[in-house]
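Everything on this sheet refers to the single structure shown next.
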Amino acid sequence: MKKLILIDGNSMAFRAFYGLPLLSNQSGLHTNAIFGYARLLEKLIEEEAPTHFLVAFDAGKSTFRHKQYEEYKGGRQKTPPELGEQFAPIRRLIDAYGIKRYEVEEYEADDIIGTLSRKADEEGFQTIIISGDKDLTQLASENTVIYYTKKGISDIDRYTPEHIQEIYGLKPEQIIDLKGLMGDKSDNIPGVPGVGEKTALKLLGEHGSVEAVLENLEGVKGKKLKENLMEHREDALMSKSLATIYREVPLDFDMNSLAFANENAEEKYEIFKELEFESLLKNMDASETEDKKEFDSERVDALDQLGADVSFHLEVRADNYLVHGPEHIAVTDGERTFISNAEDIDREGLEQFLKSRETINVYDIKRQMGLLKHLDIHFEDFDTDIMLGSFLLDPSKKIIDVAETVGQFSVNIDSDDFHYGKGRNAKQPIGEEHDKFLTDKVMAVHHVGPLMAESLQKDDMYDLWKDLEIPLAKVLSGMEYRGITVDAARLRDMESEIKERLDEIEGKIYELAGEEFNINSPKQLGVVLFEKLELPVIKKTKTGYSTAVDVLEELQSRHEIVSYLLDYRSLSKLQSTYVIGLQGEIKEDSRIHTRFNQTLAQTGRLSSVEPNLQNIPIRIDEGRRIRKAFVPKDDSHVLLALDYSQIELRVLAHITSDETMTSAFTSDTDIHTKTAMEVFGVERADVTSDMRRNAKAVNFGIVYGISDYGLSQNLGITRKEAKTFIDNYLNSFPEVKLFMKSIIQDAKRDGYVKTLLNRRRYIPDIQSRNFNAKSFAERTAMNSPIQGSAADIIKLAMVKYEKSEEAQKFNAELLLQIHDELIFDIPREEVEAFIPVIKDIMENAMALSVPLKVDYGYGSDWYDVK
DNA sequence: GGAATCACGC
DNA sequence: GACGTACGTGATTCCT
């Protein structure tokens with residue numbers, strides 16, 4: 001069967017443009033309409049499988065309709081330049097798909113489509129017309145359906161004659177009569193005054209056409225309506241004529257030339273790449289493009305047959321490389337590849353091999369180091385890590401597996417999920433297939449190594465990669481492997497103690513509620529609070545009543561049960577996440593070995609998993625007691641904690657060179673008090689605790705990039721008051737205000753912002769027309785350089801510590817990093833001597849225009865460190 | 001297995 | 001004025 005798709009080219013460009021956020025690629029070209037177009041074409045090709053295809057465009061400004069009616073399409077808004085620049089690429093895209101494109105002087109796209117759909121009907125085609133203009137529905141017939149796209153392009157209404165009958169009670173050819181009577185604002189077609197859709201449909205229901213209505217004016221009810229029709233009969237007839245699609249456009253081609261073959265994958269690929277359409281590129285990789293890199297390498301059966309520059313890969317499916325050892329090994333020098341089961345590896349041979357290489361490239365150093373430890377090998381002399389590189393190039397790209405990363409360099413190999421399967425489809429591949437998978441993987445890593453270095457070089461992040469992230473991975477590996485000693489007995493005691501208290505509170509809650517229910521279920525709790533006890537609903541969530549802390553706090557005075565609920569909440573959190581959760585993480589060696597994720601947080605911060613040791617309670621003493629369970633390796637040691645004081649605000653003072661702020665830090669005055677003095681215009685002595693609290697919250701907001709709404713929530717004030725605070729703040733620190741403005745400009749100009757060490761964060765939404773998205777993007781632009789630079793500094797300190805000969809003379813062990821804080825285990829007798837050394841490294845990790853200040857404490861458990 | 005809600009840290 | 005509001009991880013419930 002022959003199937004023809006006709007697209008109303010201009011109308012779809014507008015729909016795509018207004019339906020999608022304003023995207024742009026790195027060279028600054030806006031791409032949202034092009035992207036929408038590409039997605040539309042992909043979808044149509046896949047779902048409709050057309051045999052013939054054409055996109056019709058309007059040509060020039062003047063058409064035969066303008067001769068008939070000068071004001072035709074008058075009053076239209078100018079095409080925004082952001083869209084205008086996308087027309088040429090859209091045409092190129094259509095050509096790349098091998099789709100016929102047509103426009104002709106004097107006629108509109110509608111007329112071309114009308115003419116072709118008539119011909120198609122005559123020749124027995126099935127035709128689909130795609131448009132965002134309802135006028136086209138007049139072309140619907142038994143074999144022609146109109147896909148009308150609402151809201152963007154993904155939401156499609158299908159107009160068949162039956163459908164049109166259903167909604168209007170009209171035949172398709174009567175659509176023009178409808179337009180004749182009611183007119184069309186968007187095309188500046190007048191119609192008859194006072195006649196809208198309702199009246200027009202009524203008239204047409206009675207008479208059938210504009211002409212028939214005008215001939216039977218006596219039968220029309222309503223004096224004014226009759227008058228209008230009489231007076232504007234010419235308008236009505238002209239309007240109908242304007243709305244009528246001309247179906248006899250002279251065309252210099254026949255239907256055969258519309259044949260569609262779905263070829264030219266290469267050209268498509270080029271365009272997608274240039275415009276950075278990642279999702280579409282991935283689609284192509286998965287389906288059509290057979291440009292899978294075939295890695296030819298000779299299989300060798302001994303490591304010593306490999307050259308000096310290699311890529312190295314230990315493979316295990318499991319996430320936790322500290323628990324699970326390697327199952328396979330794959331090493332290549334680009335020409336020869338060695339593959340083996342891990343159990344067959346000769347430990348000494350491998351260690352010797354690693355030590356004697358010139359360069360070693362890997363994907364995920366920390367993981368490789370962790371896996372090597374299972375073979376009892378401590379080796380860290382890796383040179384490059386393409387996973388870390390990929391994260392630096394664009395931290396917003398999720399780090400998934402080797403396939404994902406090398407895919408960004410047009411190298412296509414099977415993903416881990418595909419090879420191993422997921423869930424019930426999980427496989428344990430072996431033999432030839434698995435060997436090929438491993439070969440492809442290590443070859444891909446090897447191939448991408450130099451490309452990665454080049455890309456990072458180009459983006460000024462090569463040093464950040466080689467001198468910071470890669471050395472840091474080795475430091476983190478040591479910390480993960482080392483672990484931190486935890487006193488399980490201590491947690492067990494806490495568990496039973498908390499259990500008793502929870503049971504007691506639970507009983508009280510049931511008693512006050514008059515029934516037993518699951519207190520942990522917000523849904524059930526909501527019913528009890530807001531239906532049974534009829535407490536006022538303060539806030540709703542998407543699914544029902546909110547029972548969050550701030551809501552409960554407001555309800556506290558209204559019912560006795562609420563205080564018990566608050567206690568229950570915080571206690572059960574302590575119990576499940578920390579007291580019980582942590583016990584489950586203690587390994588044979590009585591230690592907890594968290595893993596740090598170096599490639600996740602957008603700002604460049606680390607995160608910590610299994611368990612998360614970066615959110616152990618501290619603020620409330622009850623929770624803080626959890627820290628009593630974290631202890632040094634033995635009685636002769638202590639835990640030492642050093643934290644940067646106000647590192648983000650110091651970074652801000654440095655970046656902005658704000659005088660007031662700089663002098664506050666240079667003279668080491670309390671920054672929140674100083675802020676309060678400036679914002680409220682008072683002397684130091686007159687700063688009340690309330691003022692300081694407010695100032696602190698504003699500083700907090702600056703550091704974390706919260707909105708006026710967020711600040712209002714934090715302080716329990718109105719958004720307006722919060723905004724006033726922020727405005728006052730910015731006026732008190734004029735250079736900060738200036739910085740905020742210019743960083744947003746930078747983000748707009750470059751598409752990204754960067755930290756002191758050139759770490760980037762792309763902010764595409766800075767161009768968004770969606771207020772929320774844009775505001776969020778602006779706050780991100782302001783905040784990321786601050787938080788990211790702070791992350792750079794502490795990372796640098798960690799690397800410098802590891803490299804410091806002086807520091808290494810001590811028997812100190814770095815255990816944890818908590819964003820602005822480092823935790824060490826160290827012999828008690830060394831601690832006093834060590835403190836000035838490590839403090840110096842941290843405070844001088846990077847030279848800023850304000851001093852960095854480090855506070856510290858030590859003790860015989862983590863609670864005691866204050 | 002995933003979404004939603006809640007709570008902990010910086 | 002819109003509209004939902006720093007970043008993470010993890011536990012729990014509840015639905016598919």
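Side-chain atoms are counted along with the backbone in the values below, which use heavy atoms only and exclude waters and symmetry mates. Chain letters run A, B, ... following the sequence lines, proteins first and then strands; every chain starts at 1.
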Rounded to whole angstrom units, what separation is found between the [atom1] atom of [X] and the [atom2] atom of [N]?
| X | N | atom1 | atom2 | answer |
| --- | --- | --- | --- | --- |
| A/Ile647 | B/dC10 | CD1 | P | 14 Å |
| A/Asp550 | B/dT5 | CG | C1' | 13 Å |
| A/Lys540 | B/dA4 | NZ | C1' | 15 Å |
| A/Leu582 | B/dG9 | CG | C1' | 13 Å |
| A/Arg719 | C/dG1 | CZ | C1' | 8 Å |
| A/Asn520 | B/dA7 | CG | P | 11 Å |

Nucleotide paired to C/dC15 in any strand shown, Watson-Crick or G-U, under 3.5 Å |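 Check on C/dC15: paired to B/dG1, both distances under 3.5 Å.
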Watson-Crick/G-U partner (both atom distances under 3.5 Å) of C/dA2 = none
Start with the C-alpha gap between A/Leu814 and A/Tyr801, add the side-chain angles, then the distance that decides, and say whether side chain to side chain contact (heavy atoms under 4.5 Å, CB included) holds.
-> CA-CA 9 Å; A/Leu814 181 53; A/Tyr801 156 72; 4.1 Å; yes
Rounded distance in Å between the C1' positions of C/dA6 and B/dC8 =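 The same atom, C1', in both gives a distance of 15 Å.
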Pick out which of A/Asp487, A/Ile616, A/Thr485, A/Val865 makes a side chain to side chain contact (heavy atoms under 4.5 Å, CB included) with A/Phe630.
-> A/Ile616
Ignoring hydrogens and angles, does a donor from either the side chain of A/Arg619 or the base of B/dC8 sit under 3.5 Å from an acceptor on the other?
-> no
So what does A/Glu610 hit on the nucleic acid, given a heavy-atom distance under 4.0 Å: a base, only sugar-phosphate, or nothing?
-> sugar-phosphate
Name the nucleic acid region contacted by A/Leu600, choosing base, sugar-phosphate or nothing; use a 4.0 angstrom heavy-atom cut-off, strictly under.
->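 The answer is sugar-phosphate, as A/Leu600 gets under 4.0 Å only of primed atoms, P, OP1 or OP2.
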Crowding at NZ, A/Lys754 (>12 non-hydrogen neighbours, <6.0 Å) | no
A/Asn615 side chain, from C-beta outward: closest of C/dC3, C/dT9, B/dA4 | C/dT9
Quick one: are A/His593 and A/Glu480 in side-chain contact, heavy atoms under 4.5 Å?
->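 The answer is no; the side chains never approach within 4.5 Å.
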Stacking between A/Tyr709 and the base of C/dG4 (centre distance under 5.5 Å, interplanar angle under 30°)?
->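 Stacking between A/Tyr709 and C/dG4: present.
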